[in-house]
Every structure is written in structure tokens, then in C-alpha cells.
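Reviewing the structure listed below.
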Amino acid sequence: MLLRLPTSVSEARDHLAEGAVPVGGATLVWATWQRDGFPAHAVSLRELPEANVLGPEELGGAVVLNRVDDRVPEVLRRAAGSVGTGAVRRAATVGGNIAGSTLRCLLPAALVLDTRATVLTSTGVYDTDLAEVVAKSPVLLSLRWRTPVASAYRKHEGEPGGPPPLVVASALHALGEGRFRLNIAVRDGYEVVSESTECGTDPEEPLSALGTLLSDVPAARTAVHDQINGLLPR
């Protein structure tokens, strides 16, 4: 297998156009390649500056999870820290987790931040929403969001060999004049659902508005209640 390591977007695009298979940390595809055979050409974005950004409102798709620190909102940092073992986090990438995994532990965190994605195809670069990233699994260059007032993330304990554990993520965004927009996202099994509501500082207000989500995923009620109480200013 010939691994390409482009240092520019145009070079990466050319490799994709030539049929190179995108690969990040290869934590998910390595076993498949060992079973089915390795591709002739692969491309990694680990040397591409645009895919390695890390700051208060941006995160590159090639950033490995153990590099995600307190420069990003708490919800995203905790999500990255919850993935697998230390060895996995030293290899797995942001792009691989969101665009290339069925678990997508980072997806609820990205959703509540109103994240937009910049993706790369063989024909160029464009911005899109996370729904398209999940549906089409493109090469993820980077994520961008607006800093929330506060955020939270909780992954429940899972059973070995069992279904993916429940994940609840939330973020509070200021609207002005004492009003906020509360975003909640829940991963239940392999499905991720999200909901948003406007609220003030009374925690009962958003709880009432989130009735549909909580009725669909009743196991998330306690975590959602705790996060709302922790996020709203007193």
C-alpha cells in the first residue's frame, strides 16, 4: 500500500481523484484491510495544515483525539476523552470518529455546538452541515462552531459486548436580554437525535419544551435534567 501524505488541499484533492482511499488513524479500517486486502493507494491528512487546526472555534479532521484539549468547548473535549482507550485516542482522528464510524461519540457534542463542516472531495472543498457528513461520509477537513455560554457531556457506562452506551450532550447559547437557546443531543444505540429550545433561567421551561425528545429516549431524562440545571445561570 502506498500512503500519500499531501501538504496542500490541491494535492490531497488530486490523490482522491486518482482513487486513493482516505485514512486517518486506521483504527476502524485496519482489521478490514487485513481481512479483505490493503488498497493500492491511501491518503492521510496528517500533514495538511487545514486538517490540523485546533482552537476555540475550530477543530481539524486529522487531529487525533488525545490532542483535543481545553482550547475547545467542554462538551467536545469530554466527548473526545470518552472514546476507547488511551491507545485508541492516540491514533483515532476527529474525522474518522464523525465521518467514518458508526458510533460517532463526537457527533452529539458537535451537534449541540451548531457545528458546520468543511469537507474535501475529488472536485474541491465546500462547507456543509453534519447531516450530510453523516449521510455521505466525506473526507472531513475541519469543524467550526460559535463558542457557547456553557456545555456538558455525559457518556453512561456500557456493558462489554453490549449496545453503545447512552450519550447526552448539551450546550447553552446566548440570545440576549436574559434569553438562551438550549441544544440537546442524545445518542441512543447507534441513533443520534437532537432538539433545541429557547429558554430563560427557569430549568422547568426547557424541560417542558423537550418533551418529545425525552419521551423518545426516557433513559436520558435524568442526565438531561442534571445538565440543564448545571448550564443555566442562577
Side-chain angles (χ1 to χ4, degrees), residues 7-9 24-25 45-84 86 89-101 104-120 125-134 138-155 167-187 192 194 196-199 201 206 227-228 230-234:
T7 57
S8 69
V9 169
L45 304 185
R46 70 186 186 198
E47 303 296 332
L48 187 64
E50 291 86 346
N52 284 279
V53 292
L54 176 56
E57 296 187 335
E58 60 182 354
L59 182 60
V63 174
V64 292
L65 299 184
N66 78 326
R67 286 188 57 217
V68 180
D69 55 23
D70 57 8
R71 282 174 284 185
V72 305
E74 180 179 357
V75 63
L76 201 52
R77 175 176 59 82
R78 289 190 178 276
S82 75
V83 176
R89 293 191 294 275
R90 287 191 292 272
T93 62
V94 171
N97 185 271
I98 292 181
S101 167
R104 296 188 172 98
C105 296
L106 270 63
L107 179 59
L111 284 171
V112 299
L113 294 175
D114 295 329
T115 298
R116 296 284 295 176
T118 301
V119 301
L120 172 67
V125 174
Y126 65 94
D127 290 344
T128 187
D129 56 26
L130 293 177
E132 180 174 341
V133 173
V134 171
V139 177
L140 181 63
L141 277 182
S142 62
L143 303 172
R144 299 181 321 283
W145 59 86
R146 294 181 63 183
T147 301
V149 174
S151 61
Y153 182 91
R154 179 182 176 187
K155 178 188 281 189
V167 166
V168 178
S170 58
L172 192 67
H173 301 265
L175 297 177
E177 298 182 352
R179 300 296 291 175
F180 303 90
R181 179 165 44 80
L182 177 69
N183 294 344
I184 299 285
V186 175
R187 187 190 72 186
V192 177
S194 61
S196 179
T197 184
E198 184 178 330
C199 64
T201 57
Q227 288 186 14
I228 289 174
L231 293 179
L232 291 177
R234 300 297 182 183

Notebook entry, point to check: Which distance, rounded to the nearest 0.5 Å, do you find between the CG of N66 and the CZ of R89?
Noted result: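 Answer for the CG-CZ pair, N66 versus R89, is 8.0 Å.
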
Next item on the list: Please name all residues satisfying side chain to side chain contact (heavy atoms under 4.5 Å, CB included) with V125, sequence neighbours left out, ordered by chain then number.
Entry: V9, T118, L120, L141

Notebook entry, point to check: With D70, which residues qualify under side chain to side chain contact (heavy atoms under 4.5 Å, CB included), at least two apart?
Noted result: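 Applying side chain to side chain contact (heavy atoms under 4.5 Å, CB included) to D70 gives R77.
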
Would a distance-only check, ignoring hydrogens and angles, find a side-chain to backbone donor-acceptor pair under 3.5 Å from [X] to [Y]?
{"X": "D129", "Y": "E132", "value": "yes"}
{"X": "S82", "Y": "A79", "value": "yes"}
{"X": "N97", "Y": "L106", "value": "yes"}
{"X": "N183", "Y": "S194", "value": "no"}
{"X": "S151", "Y": "A171", "value": "no"}

Looking at side-chain heavy atoms only, is the closest gap between [X] and [Y] below 4.5 Å?
{"X": "R187", "Y": "R104", "result": "no"}
{"X": "V139", "Y": "L45", "result": "yes"}
{"X": "L143", "Y": "R116", "result": "no"}
{"X": "V112", "Y": "Y153", "result": "no"}
{"X": "V133", "Y": "I98", "result": "yes"}
{"X": "H173", "Y": "R181", "result": "yes"}
{"X": "L54", "Y": "R67", "result": "yes"}

Check: Any idea which heavy atoms bring A117 and R144 closest together, and the distance?
Finding: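 Closest approach of A117 to R144, heavy atoms only: C-NH1, 4.3 Å.
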
Next item on the list: Check the surroundings of atom CZ in R146: do more than 12 heavy atoms from other residues, nucleotides or ligands lie under 6.0 Å from it?
Entry: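 Not buried by this count: 12 neighbours or fewer within 6.0 Å.
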
Give the table of side-chain donor-acceptor pairs shorter than 3.5 Å for residues 56-64, with sequence neighbours excluded, one pair per line with atom names and distance.
| from | atom 1 | to | atom 2 | distance (Å) |
| --- | --- | --- | --- | --- |
| E57 | OE2 | T147 | N | 3.0 |
| E57 | OE2 | T147 | OG1 | 3.0 |

Check: Hey, which of P206, P148, P233 is the one that makes side chain to side chain contact (heavy atoms under 4.5 Å, CB included) with F180?
Finding: P233

